[in-house]
Number of protein chains: 2
Amino acid sequence: MINKKILIVEDEVKISDIVKAYLEKEGFTTTVAPTGQKAISLLKERYDLIILDLMLPDMSGEDICQVVREDSDTPIIMLTAKSDEDDRIHGLGIGADDYVVKPFSPRELVARVKAHLRRVKGKKDTSSFNSRDLVIDPLRFEVRKNDITVILTPTEFKLLQCLSEHPGQVFTRLQLVNVILGYDFEGYDRTIDAHIKNIRHKIEDNQKSPSYIKTVYGIGYKFSGQADAD
Amino acid sequence: MINKKILIVEDEVKISDIVKAYLEKEGFTTTVAPTGQKAISLLKERYDLIILDLMLPDMSGEDICQVVREDSDTPIIMLTAKSDEDDRIHGLGIGADDYVVKPFSPRELVARVKAHLRRVKGKKDTSSFNSRDLVIDPLRFEVRKNDITVILTPTEFKLLQCLSEHPGQVFTRLQLVNVILGYDFEGYDRTIDAHIKNIRHKIEDNQKSPSYIKTVYGIGYKFSGQADAD
DNA sequence: CTCCTTACGATAATGCTTATTATATCGGAT
DNA sequence: ATCCGATATAATAAGCATTATCGTAAGGAG
């Protein structure tokens, strides 16, 4: 979990540039959203932490904060010129985890970012991520491909999870049946094929040359995080 | 369970009295340690949060911070007159979770305390709110939707609270049973369904397409304010 | 009496199967 | 050695069986 992703919601380029530079120097991956709209649209991606300016041209940071909280408990650090006490209290009450007032020290901000990430790491971080583009999230029971959420059915999910947990290892259909459907399953092992097809349909760009689930002729299937290698 | 224990490490009586008063007004239980030695000896007890003055007569707050971090991750809010940037960064670096500079606003401090507690454990004492329209108020044991108070039964409330504290995360019925009814519950897990139905009846505008509690077919339920697209 | 639990039928979603089409492998002939 | 066809394996799509969820309502516990 080295590459933490941080979303910076800030309209002033001067500030976002500084924050971005400091965070990236520490090895974080950052994305900047200069408007609320942009931020909202980026929120379908998952971030490990969000730095949020309260004063945006198009919408208030509070609103964004609430939108975030509707669907995740990602740490939020509010960043703002408002130094009024009531604002700060409101900000913290509304679901922000921290509140930093401008002008602020970039180094302190970085320190706070680290402090929050350290905390989050404590709780179970089962986000088993597999390859560059594909994230399998057992907590949310969903799969994200290039940060776009893909809904799988329970069996599809289990199948993909099983394969992805042992990349490169080839599973026979029988093995997969045993794991996914249980040892007492008495059906046809070609059922697996159907599920594979459905999964591929959902996560593969090119059905013809799958990049995640590879077919091993005569044997079964395997998961490959690598681009085409055998 | 509502009684969170907070340790205040502060030598200036004037300040510790104020902090103590504000926190107790909010229902917290506080203990004051005027010296580092006293604080260390109190640490064998467990606290939910520690407010730590950096400038103590006998030892530095940093040292205490490190002692605490040796065997717990109790949130620490540093409280100090040092406003120097390096001090703040150092403070956050050695394991503090927050850093408040004197003179500080007691109300803001309380807000920060709540924000940290909310993150750590079940936020039994904070007014947690989730989406634009829905406010879950654990103090009053009630839910307000568009400022209209909705009365939930205890079980319904716990269920909604549990789900809303981890937006987006899918809970199986068994998990919910364990949390809500206890691990020794031996009944039918479909009981959860009934409660979900009742909650939905009370807070959802459209029963057919719920906007707060989503069902995840084959798995369980999750809380989400987002309109779920595919 | 309120709230929790359970039951049952209706409805909807998933999963399994089978038939069909497509693709890969291998061996033999040119 | 390359091409070609036969055969085996895999992919696709659609129908049906299965299982999950929802809503109403009634029984039971505190």
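Chain letters run A, B, ... following the sequence lines, proteins first and then strands; every chain starts at 1.
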| Considering heavy-atom distances to DNA chain D, does G220(B) or A194(B) have its closest nucleotide positioned more toward the 5' end? | G220(B)
| Separation of K197(A) atom NZ from dT14(C) atom P, in whole Å? | 14 Å
| Intermediate values then yes/no, side chain to side chain donor-acceptor pair (under 3.5 Å), T215(A) and R200(A) | CA-CA 11 Å; T215(A) 313; R200(A) 280 178 174 161; 2.7 Å; yes
| Which residue lies toward the 5' end of DNA chain C, K208(A) or N198(A), if each is placed at its nearest nucleotide? | N198(A)
| field | Closest nucleotide among dA8(D), dT6(C), dT14(C) to the F185(B) side chain | value | dT6(C)
| Selected nucleotide, minimal atom distance to Q207(B) side chain, candidates dG15(C), dT21(D), dG23(D) | dG23(D)
| said: Taking only side-chain N and O atoms of T191(B), does any of them lie within less than 4.0 angstrom of OP1 or OP2 on dC4(C)? | reply: no
| query | At under 4.0 Å, does any side-chain N or O of H195(A) touch on OP1 or OP2 of dG15(C)? | reply | no
| request: Round to a whole Å and report the spacing from NZ of K214(A) to C1' of dA10(D). | output: 16 Å
| query | Taking for each residue the nucleotide of DNA chain C with the nearest heavy atom, is it D189(A) or T155(B) whose nucleotide lies nearer the 5' end? | reply | T155(B)
| said: Any side-chain N or O of T215(A) below 4.0 angstrom from OP1/OP2 of dT9(D)? | reply: no
| message | Categorize Y188(B) for me: base, sugar-phosphate, or nothing, with a 4.0 angstrom heavy-atom threshold over every strand shown. | response | sugar-phosphate
| Relative to the 5' end of DNA chain D, which residue comes earlier, R200(A) or I219(B), by the nucleotide with the nearest heavy atom? | R200(A)
| remark: Among the nucleotides dT14(C), dT6(C), dC22(D), whichever has the atom closest to the side chain of D193(B) is dC22(D)
| task | May I ask you to say what I196(B) touches in the nucleic acid, namely base, sugar-phosphate or nothing, with a heavy-atom cut-off under 4.0 Å? | result | nothing
| Candidate nucleotides dT25(C), dT18(C), dG15(C), ranked by approach to the side chain of T153(A) - the nearest | dG15(C)
| task | Mind calculating the distance between CD (E156(A)) and C1' (dA13(C)) to the nearest angstrom? | result | 12 Å
| request: Could you tell me the separation between the CD1 atom of I192(B) and the C1' atom of dT6(C), rounded to a whole number of Å? | output: 13 Å
| request: Give a yes/no on whether any side-chain N or O of R190(B) is located under 4.0 angstrom from OP1 or OP2 of dA7(C). | output: no
| query | Between R173(B) and D193(B), is there a salt bridge with N-O shorter than 4.0 Å? | reply | yes
| field | Electrostatic pair R140(A)-D71(A), nearest N-O below 4.0 angstrom | value | yes
| request: Ignoring backbone atoms, establish whether Y221(B) has a side-chain N or O less than 4.0 Å from OP1 or OP2 of dA20(D). | output: no
| query | So what does V216(A) touch, heavy atoms closer than 4.0 Å: a base, only the sugar-phosphate, or nothing? | reply | sugar-phosphate
| task | State plainly whether the residues D97(B) and R69(B) are in salt-bridge range, i.e. N to O under 4.0 Å. | result | yes
